[in-house]
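Comments concern the structure below.
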Amino acid sequence: MNEFNNFERETGVKLMIVKARGKAFCVGGDVVEFCRLVMAGKWDIGMDVYRKQNILGYRVATCDKPQVFLINGLVMGGGVGISIHGKFRIVTENTIFSMPEATLGLFPDVGASYFLSRLPGFFGEYVGLTGARLDGPEMLSCGLATHFVPSRKLSMLEKSLCEVDTVDLITVEGIINKYAEQAPFTKERSALRRLDMINKCFSKDTVEEILSSLEHDATIRKEEWIMRAITSIKAASPLSLKLFLMSDRSIRNTCTMLNSRIQNDLSCRKENNI
């Protein structure tokens with residue numbers, strides 16, 4: 001948070017580049033530690049972490065200066081929250097995205113109801129309820145990413161961006177476009193290629209109806225994505241699934257600030273009730 005505050009205030013800094021030090025971009029917070037604190041009666045510490053995380057996501061989303069997130073590797077949960085609200089979200093052939101919170105007894109937060117509800121059709125409900133993994137081309141196709149740049153070009157892109165002396169978004173995007181390529185076609189087994197079926201199942205009003213619709217389709221079509229979706233939903237926390245679906249449906253037409261407030265409130269209430 002402090003680093004971002006300095007970035008916004010410092011007039012000499014025109015651009016922020018965020019990248020990973022290792023193979024993963026960011027896999028989110030330490031859920032085990034959060035649970036340990038809550039069980040020890042220190043839920044206020046976890047609440048403060050969620051609050052700051054949501055504030056940071058909002059600050060990134062509303063910042064006037066350009067930020068470029070180089071998402072090369074695994075990005076999950078809180079790691080998504082750090083990057084997904086940025087102006088430019090670069091993915092590569094190594095990128096793997098997931099929001100697996102429901103399987104951990106939490107629910108997709110960090111603005112997930114905002115950005116997932118704005119994906120094509122009801123694809124966001126599918127991603128949030130099942131924790132499905134998406135690769136770089138899938139992220140670009142559904143709107144989670146803005147550009148696809150092969151990992152071999154990232155160092156060159158970063159070098160060019162470091163020479164930027166303007167906050168003009170068009171100029172920054174022009175530099176990115178010099179290195180961006182058309183993403184490979186989504187794989188035949190990609191759930192994005194079954195959007196009609198996903199819309200039919202995940203547009204239902206309740207988690208129970210969604211699961212029932214999936215199970216009905218499974219008797220007709222023996223497709224791998226359907227079976228994985230059913231297994232994931234059945235293995236997840238029912239309360240977590242219901243919280244996400246309620247949050248997603250209520251936030252479809254709201255602004256980023258209201259989303260941050262709602263998700264922060266839901267996160268804190270759930271932690272306090274464990």
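What you see below is based on every heavy atom in this structure, not just the backbone, and it leaves out hydrogens, waters and symmetry mates. We're numbering straight along the sequence, starting at 1.
Between the side chain of Ser213 and the main chain of Glu209, no donor-acceptor pair closer than 3.5 Å is present. A donor-acceptor contact shorter than 3.5 Å links the side chain of Ser141 to the backbone of Pro137. Listed for the Ser98 side chain is a donor-acceptor partner under 3.5 Å among the backbone atoms of Gly131. A distance-only check finds no donor-acceptor pair linking the side chain of Lys153 to the backbone of Lys178 [under 3.5 Å]. Not a single donor-acceptor pair under 3.5 Å links the side chain of Lys42 to the backbone N or O of Met39. The backbone N or O of Met156 lies less than 3.5 Å from a partner atom in the side chain of Ser160, making a donor-acceptor pair. Remark: side-chain polar atoms of Thr219 are paired, donor with acceptor, to backbone N or O of His216 under 3.5 angstrom.
Listed here is the closest heavy atom pair of Leu15 and Val172: CD1-CG1, 4.3 Å. Here the closest non-hydrogen pair linking Leu214 and Ile233 is CD1-CD1, 3.8 Å. Heavy atoms only, all atoms of each residue included: Ile17 and Cys162 are closest at CD1-SG, 4.1 Å. Residue Asp168 comes nearest to Thr166 through the heavy atom pair N-OG1, 3.0 Å, listed as atom of the first residue, atom of the second, then distance. Taking each heavy atom of Met99 and Glu101 in turn, the nearest pair found is C-OE1, 3.1 Å. The shortest non-hydrogen separation linking Glu173 to Phe88 is CB-CE2, 3.7 Å.
Asn199 CG to Glu125 CD: the interatomic distance, rounded to the nearest 0.5 Å, is 9.0 Å. The distance from the CG atom of Leu241 to the OG1 atom of Thr103 is 9.5 Å, given to the nearest 0.5 Å. Of the inter-residue distances, the one linking Met197 atom CE with Ile220 atom CD1 reads 8.5 Å to the nearest 0.5 angstrom. Note that the CZ atom of Phe25 and the CG atom of Leu74 stand 11.0 Å from one another [nearest 0.5 Å]. Between the CG atom of Leu116 and the CG atom of Leu144 there is a distance of 6.5 Å, given to the nearest 0.5 Å. Here the CG-NE2 distance, from Leu157 to His147, works out to 9.5 Å after rounding to the nearest 0.5 Å.
Between Val164 and Thr171, the closest side-chain pair of non-hydrogen atoms is not below 4.5 Å. In this structure the side chain of Ile82 never reaches within 4.5 angstrom of the side chain of Val60, judged on heavy atoms.
Ion pair Glu224/Arg194 not flagged as a salt bridge, since none of the NZ, NE, NH1 or NH2 atoms sits closer than 4.0 Å to an Asp/Glu carboxylate oxygen. A salt bridge links Lys52 and Asp48; the closest N-O separation between the charged side-chain nitrogens and carboxylate oxygens is under 4.0 Å. A salt bridge does not link Glu10 with Lys65: none of the charged nitrogens is closer than 4.0 Å to a carboxylate oxygen. Under 4.0 Å is where a charged nitrogen must lie from a carboxylate oxygen, and between Lys187 and Glu138 no such pair does. With respect to Lys19 and Glu158, a salt bridge is recorded, a charged nitrogen being found less than 4.0 Å from a carboxylate O. Between Arg152 and Glu93 no salt bridge is recorded (no basic side-chain N to carboxylate O distance below 4.0 Å).
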Checklist line | side-chain contact (heavy atoms from CB on, under 4.5 Å) assessment of Thr95 paired with Phe148 | finding: CA-CA 10 Å; Thr95 306; Phe148 180 91; over 6 Å; no

Next item on the list: Could you walk me through whether Glu215 and Lys234 pass salt bridge (Lys or Arg N to Asp or Glu O under 4.0 Å), step by step?
Entry: CA-CA 11 Å; Glu215 290 177 329; Lys234 286 186 173 181; 2.9 Å; yes

Check: For Leu192 and Cys142, what are the C-alpha separation, side-chain angles and deciding distance, and is it a side-chain contact (heavy atoms from CB on, under 4.5 Å)?
Finding: CA-CA 8 Å; Leu192 263 177; Cys142 73; 4.2 Å; yes

Next item on the list: Would you check, one step at a time, whether the test side-chain contact (heavy atoms from CB on, under 4.5 Å) holds for Arg193 with Trp225?
Entry: CA-CA 11 Å; Arg193 292 179 175 266; Trp225 77 270; over 6 Å; no

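Aromatic ring orientation, Tyr114 versus His85: tilted (interplanar angle from 30° to 60°).
Side-chain atoms of Thr92 and Asn72 form a donor-acceptor pair, as typed in the model, at a separation below 3.5 Å.
At a threshold of 4.5 Å between side-chain heavy atoms, the hydrophobic network of Ile, Leu, Val, Met, Phe, Trp and Tyr places Leu70 and Val80 in two separate groups. Hydrophobic clustering (side-chain heavy atoms under 4.5 Å, transitive across Ile, Leu, Val, Met, Phe, Trp, Tyr) groups Leu245 together with Leu211. Val13 and Leu56 fall within a single hydrophobic cluster, where Ile, Leu, Val, Met, Phe, Trp and Tyr are joined by side-chain heavy atoms under 4.5 Å apart, directly or via other members. Met16 and Tyr179 fall into different hydrophobic clusters, where Ile, Leu, Val, Met, Phe, Trp and Tyr are joined by side-chain heavy atoms under 4.5 Å apart, directly or via other members. Placement of Ile90 and Ile71 in two distinct hydrophobic clusters is found when ILVMFWY residues are connected by side-chain heavy-atom separations under 4.5 Å, directly or transitively.
Remark: Phe123 engages Tyr126 in a ring-ring contact (aromatic ring centres under 6.0 Å, His included) (not counting sequence neighbours).
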